Amino acid sequence: MNPSPTLKGQAALVTGGDSGIGKGVALALAAAGAKVVVNFAHNQAAAEATVNEITAAGGETIAVQADVSQESEVKAMFAQMYAKYGTIDILINNAGLQKDSKFIDMTLEDWNTVIGINLTGQFLCAREAAREFIRRGVVDGLSRAAGKIICMSSVHEVIPWAGHVNYAASKGGISMFMKSIAQELAPHKIRVMGIGPGAIQTPINKAAWDTPEALNNLLTLIPYNRIGVPGDIGKLATWLASDEADYITGITIFMDGGMTLYPGFADNG
Ligand code: NAD
């Protein structure tokens, strides 16, 4: 993998780009030359900090607020992006959250919130991006594809997760969503891919790494014996969006230090 494939001149949108993995991806895409829209839901200060970091490093970027589960806000966000950068070349469907509880205690509101942001949010953003990719087509000299969509999934696309059924269902849903639109959009020269992170050190899973006991417990699930960092995912997203990955579409790449290798079977099978 080339550590710095060029995305020069391409316009990218990263949903939830103000924190964690999204921020890591936004920084990496900007470092590879993309103009980056940093979407945020509520935390304007965090989005501005991301924008300032990219600008200080010589990159081009703006922050745009939108709740990705709301159709009107998604449309307004794309309109702001087109007003600034004219088009979109790369969509990183990253925004997501957890609302955990035992299944029998789970409220409909917590089910709907997680599905609405993690899955419907990806539908709304991908649909807008795909419409623009098809309208504009391939731009010679910019990229071999008319557009790239990267869906942030999870190892919970394939690993069941008791106590987190809304989250696991949203990620399982992303798998078939991603593959189905990859099949439908490939004739338009649009590539659609998933990234399935394992444990990445971000605010979403702070309880799993912020004490030595919690981290040790987490590491029993990771054969490679380290927690991931947002920059790991940033490198993969940058490569997948680049022409170096031009023959890849319709798959999820797991980046998880071996979490999907059923580590419990290493000495117990
Ligand atoms: P995070 O909490 O740091 O970031 C989540 C981001 O989503 C934030 O920027 C937040 O503002 C944004 N967001 C939440 N609701 C939103 C909404 N309605 N509209 C727009 N943005 C919204 O957590 P993270 O770990 O960086 O998570 C990013 C993605 O990676 C999520 O989809 C998550 O499921 C996935 N993921 C994370 C891990 C991990 O270990 N950290 C593992 C697998 C998958």
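The structure displayed is predicted, hence computed values, not measured ones. As the structure lists them, so they are numbered: ligands from 1, and atoms in each ligand from 1.
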Show your working on side chain to side chain contact (heavy atoms under 4.5 Å, CB included) between Leu13 and Met77 and close with a plain yes or no.
-> CA-CA 10 Å; Leu13 167 61; Met77 169 171 66; 4.0 Å; yes
Sub-4.0 Å heavy-atom environment of ligand 1, residues by chain = Gly16, Asp18, Ser19, Gly20, Ile21, Asn39, Ala41, Ala66, Asp67, Val68, Asn94, Ala95, Gly96, Ile117, Met152, Ser153, Ser154, Tyr167, Lys171, Pro197, Gly198, Ala199, Ile200, Thr202, Pro203, Ile204, Asn205
Min side-chain heavy-atom separation Phe78-Cys125 under 4.5 Å = yes
Going by the angle between their ring planes, with limits at 30° and 60°, are Tyr167 and His156 parallel, tilted or perpendicular?
-> perpendicular
Any side-chain heavy-atom pair of Glu53 and Thr61 under 4.5 Å | no
For the pair Phe265 and Tyr262, name the ring-plane relationship: parallel under 30°, tilted 30 to 60°, perpendicular over 60°.
-> perpendicular
Please indicate whether Tyr82 has more than 12 foreign heavy atoms, meaning atoms of other residues, nucleotides or ligands, lying under 6.0 Å from its OH.
-> yes
